[in-house]
Amino acid sequence: MSKEFKIGLITIIAGALLYYGFNFLRGSDLFSPSNRYYATYTNVSGLNVSNPVYFNGLPVGRVSGFELVQKKGYIVVSIDIDEKLTIGKDASATLANDGLFGGKAIVLNVGKS
């Protein structure tokens, strides 16, 4: 194998590891299956991408993004939740404090269905 091939291979592997590492630090895991849900709020002060989503105190997902709907006056929050958790139509997601430093989290109430 030539030196150029080895350097190219190492560069490709390092780039892939760097990409996966940044996504892992942001809170998105490529290998865990999840379903995406959306919740609407009028105020998401303190909520950030990769904040946790809890169900009965157990972390079951992460916040994956925000979208502002300016004409209607609300914010749509994208939530990635573990696909093992079944969520019914009457589910709700409320904002809650997470820790002493004022961080926010979303707490799920799955509902009866």
* **Test log, rule side-chain contact (heavy atoms from CB on, under 4.5 Å), inputs Val69 and Val76** => CA-CA 7 Å; Val69 181; Val76 177; 3.9 Å; yes

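Taken to the nearest 0.5 Å, the CD1 atom of Ile81 stands 11.0 Å off from the CZ atom of Arg36. Going from atom CD1 of Ile87 over to atom CG of Asp82 covers 10.0 Å, rounded to the nearest 0.5 Å. The OG1 atom of Thr11 sits 12.0 Å away from atom CG of Leu18, with the distance rounded to the nearest 0.5 Å. Rounded to the nearest 0.5 angstrom, Tyr38 OH and Ser64 OG are separated by 7.0 Å. The CD1 atom of Ile106 lies 15.0 Å from the CZ atom of Phe55; values are rounded to the nearest 0.5 Å. Summarising the geometry, atom CD belonging to Glu4 is positioned 6.5 Å from atom CD1 belonging to Ile7; distances are rounded to the nearest 0.5 Å.
Partners of Asn97 according to the side chain to side chain donor-acceptor pair (under 3.5 Å) rule, which considers only residues two or more places apart in sequence or in another chain, are Lys104. Partners of Asp98 by side chain to side chain donor-acceptor pair (under 3.5 Å), not counting sequence neighbours, listed by chain and number: Tyr54.
Using a cut-off of 4.0 Å between Lys/Arg side-chain N and Asp/Glu carboxylate O, Asp80 and Arg62 are scored as not salt-bridged.
Closest approach of Val60 and Leu85 over heavy atoms only: CG2-CD2, 3.9 Å. Nearest heavy-atom pair, Gly46 versus Asn51, reported as atom, atom and distance to 0.1 Å: O-ND2, 3.9 Å. Among all heavy-atom pairs drawn from Leu95 and Val44, the shortest one is CD1-CA, 4.1 Å. Ile79 approaches Ala39 most closely through the heavy-atom pair CD1-CB, 4.1 Å.
With hydrophobic clusters built from ILVMFWY side chains whose heavy atoms lie under 4.5 angstrom apart, Phe66 does not share a cluster with Tyr74. Leu9 and Tyr20 are assigned to two separate hydrophobic clusters, defined by single-linkage of ILVMFWY side chains at heavy-atom distances under 4.5 Å. No continuous path of ILVMFWY side-chain contacts below 4.5 Å connects Val107 to Leu47, so the two sit in separate hydrophobic clusters.
Using a distance-only test at 3.5 Å, with no hydrogens or angles considered, no donor-acceptor pair links the side chain of Thr40 to the main chain of Ile75.
Looking at heavy atoms from C-beta onward, Glu83 lies out of side-chain contact with Ser34 at the 4.5 angstrom threshold. Under the 4.5 Å side-chain criterion, counting only non-hydrogen atoms from C-beta, Tyr41 is not in contact with Asn43.
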